[in-house]
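All remarks here apply to the structure that follows.
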2 protein chains.
Amino acid sequence: MNKQPKYRQVADALRREIDGGALPPGSRLPSESELSARFDASRNTVRSGLSLLVSEGLITSSQGLGYEVRSHEVFELNASQFENLNFPQNGDAYSTDVTNAGRRPHQTFRVEMKPAPEDVAERLTVEAGSTTVLRFCHRFVDDVPWSTQATHYPAWLVEQAPRLAEPGDIAEGTTRYLAAHGIEQVGYFDEISTRMPTPDEARLLEVGAGVPVLLWMRTGYSGDRPIRCTITTFRGDLNRMNYEIGDLSARSENEPQ
Amino acid sequence: MNKQPKYRQVADALRREIDGGALPPGSRLPSESELSARFDASRNTVRSGLSLLVSEGLITSSQGLGYEVRSHEVFELNASQFENLNFPQNGDAYSTDVTNAGRRPHQTFRVEMKPAPEDVAERLTVEAGSTTVLRFCHRFVDDVPWSTQATHYPAWLVEQAPRLAEPGDIAEGTTRYLAAHGIEQVGYFDEISTRMPTPDEARLLEVGAGVPVLLWMRTGYSGDRPIRCTITTFRGDLNRMNYEIGDLSARSENEPQ
DNA sequence: TGCATCAACTTGTTCCAACAAGTTGAGCAA
DNA sequence: TTGCTCAACTTGTTGGAACAAGTTGATGCA
């Protein structure tokens, strides 16, 4: 009957307390030594159980402070709104959304010339390793890292729209700037996936163990030609992406945002 | 200069070998004792480093077999195709997609009466805990667990369409069946998020540590009324969701699936 | 009062040891 | 040949110990 290893019993017991509300989000767990006594297990065994919960994203640990039940507060992202000339540019959409939610947006920005990674090259239908312009955004909400966004533009496009390669913002928005040069985006292809963060991503997004990243890859088209590929990495514990498909006008009237 | 703890050095070194291709997907890692000798570290320290890579989803471990570099083979899901009367039902879409990809689909199915969980109740605009019909699917591809899908229908809808509560498939598809009873879906609201699997989900999807799940929540509307809420959990390492937005007809001609 | 120090907590890292349990192949017996 | 057993590998579990390092609050000094 007691086939489960002890460290798993510890994890299960604590998980039940968390799910049942006995340990609400933000509350501190008993210390390792307390749990060690309570479960009649060595500190190592208790630590194994706790690290299981950490890797499930249920709790966090801080040296000197103890373990804490993670609290979730997700941020909604509307991905299906079509970005066109009447729509503010991507960066603006972020600032507007965050401000509307009563939060404080903040972002750092840089422009680089970069060889295209394989996955980007494939989507832009250029040679892997060929030069692209990379416009990179690191975004925060209330000073908490939220997402990184890397947009690659193919070289042929930059020739027609040279300001893409210049550092600094494009005030009117890249979408509008491109349209002024005869490049109008007519559609997108979105790909959404998830995985555990690389060490680099974990550093940029300040996520600990047990938090996956949400990957959003958007390829923008002008006619049949891909003109940009945007890869956004979100903290998986803080974000949710929404798409509206079909006619939801009746619903929207009943449930305004 | 050597401030990193030793177990992290082990993980970093192995991660570099994996990323660099020295340890290709599917290959076996050296055993713990070999690594212990190579890094002049105890077995426990090596295990700490390895478990880091496991929780990053880079490698897997099997008792008696050793550690193996995980190989990724993602399956594409087209989520933006609008499901209507001219479109096969959800279950059929899965079978068709998988078969077209040259894989073998397999699913188990059951129907239950279930009180609505809070998140579902909110989306169906019914009382939390009120009775709903739950149609549950457990799907496999080549006998590998792929996803679980739970669709909740509100009680008022089941009164109009009683076959929803009966066990067994609805041959013509639920969409068509509902339409025949005057309930036509006009749009969807999709929400996509990610997190680490619960122990139940890990069991159903047979995922080990370090693999997040991709959560897809689709609320279907008929007019202003929500008529169903479908929650699908995918193995994050095997699936990617795709959305097409705007006019991509020119692109589709160039890149047929 | 204000500030520095330090004791007493916390988790983090690293070693050691022993046994359990899953896998594989060699080698022996029928 | 076939099939079984078992030794020799592998990782999994559990205990112990010691010290490092981060945090907090009490204590006592200026």
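These numbers come from the heavy atoms of this one structure, side chains and all, not from hydrogens, waters or symmetry mates. Each chain gets a letter, A, B and so on, in the order its sequence line appears, and its residues count up from 1.
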Query raised in the report: Would you call the rings of B/Phe140 and B/His106 parallel, tilted or perpendicular if under 30° counts as parallel and over 60° as perpendicular?
Result: tilted
**Report entry** Between P of D/dT14 and CG of B/Asn44, the distance in whole Å
**Finding:** 14 Å
Query raised in the report: With a 4.0 Å cut-off, would you call A/Arg28 and A/Glu68 a salt bridge?
Result: no
Report task. Could you check how far CG of B/Leu52 sits from C1' of C/dG12, rounded to whole Å? Result -> 13 Å
Requested in this report: Give the nucleotide from the list D/dA21, D/dT11, C/dT13 with an atom nearest to the side chain of B/Pro5.
Outcome: C/dT13
Requested in this report: Verify the contact: side-chain N or O of B/Tyr7 to OP1 or OP2 of C/dC15, cut-off strictly under 4.0 Å; return yes or no.
Outcome: no
**Report entry** Between D/dT11 (P) and B/Glu68 (CD): distance, integer Å
**Finding:** 12 Å
Query raised in the report: 5'-most contact on DNA chain D: A/Leu65 or B/Ser31, nearest heavy atom basis?
Result: B/Ser31
Report summary line: Between A/Gly64 and A/Val46, whichever has its closest DNA chain D nucleotide further toward 5' is A/Val46
Requested in this report: Would you please confirm or rule out a distance under 4.0 Å between OP1 or OP2 of C/dT11 and any side-chain N or O of A/Ser61?
Outcome: no
Query raised in the report: Can you tell me how far C1' of C/dT23 sits from CD of B/Glu32, to the nearest Å?
Result: 15 Å
**Report entry** Length of the line joining A/Gln63:CD and C/dG12:C1', which is rounded to integer Å
**Finding:** 5 Å
Requested in this report: Determine the contact category for A/Ser62: base if any of its heavy atoms lies under 4.0 Å from a base atom, sugar-phosphate if only primed atoms, P, OP1 or OP2 are that close, otherwise nothing.
Outcome: sugar-phosphate
Query - Below 4.0 Å: OP1/OP2 of D/dG12 and any side-chain N or O of B/Arg47 - result: yes
Requested in this report: Respond yes when some side-chain nitrogen or oxygen of B/Thr45 is under 4.0 Å from OP1 or OP2 of C/dT14, and no when none is.
Outcome: no
Query raised in the report: Which nucleotide in the list D/dT10, D/dG16, D/dG12 gets nearest to the side chain of A/Ser42?
Result: D/dG16
Requested in this report: Please state how far atom CZ in B/Arg28 lies from atom P in D/dT11, giving the value in whole angstrom units.
Outcome: 6 Å
**Report entry** Under-4.0 Å salt bridge between A/Arg195 and B/Glu56
**Finding:** no
Query raised in the report: Which is true for B/Ser48 with a 4.0 Å heavy-atom rule: it touches a base, it touches only sugar-phosphate, or it touches nothing?
Result: nothing
Query raised in the report: Any donor-acceptor pair under 3.5 Å joining the side chain of B/Arg8 to the base of C/dG12?
Result: no
**Report entry** Salt-bridge present (A/Glu32, A/Arg38; N to O < 4.0 Å)
**Finding:** no
Requested in this report: Identify whether the distance between the nearest side-chain nitrogen and carboxylate oxygen of B/Arg15 and B/Glu17 falls below 4.0 Å.
Outcome: no
Report task. Can you tell me the distance, in whole Å, between the CD atom of A/Gln9 and the P atom of D/dG12? Result -> 18 Å
Requested in this report: Can you figure out which of D/dA21, D/dG15, C/dT10 approaches the side chain of A/Glu34 most closely?
Outcome: C/dT10
Query raised in the report: What are the two closest heavy atoms between A/Gly236 and A/Val211, and how far apart are they?
Result: N-CG1, 4.2 Å
Query raised in the report: Is any side-chain nitrogen or oxygen of A/Ser33 closer than 4.0 Å to OP1 or OP2 of C/dT10?
Result: yes
Report summary line: Atom CD of A/Gln4 and atom C1' of D/dT14 are separated, to the nearest Å, by 15 Å
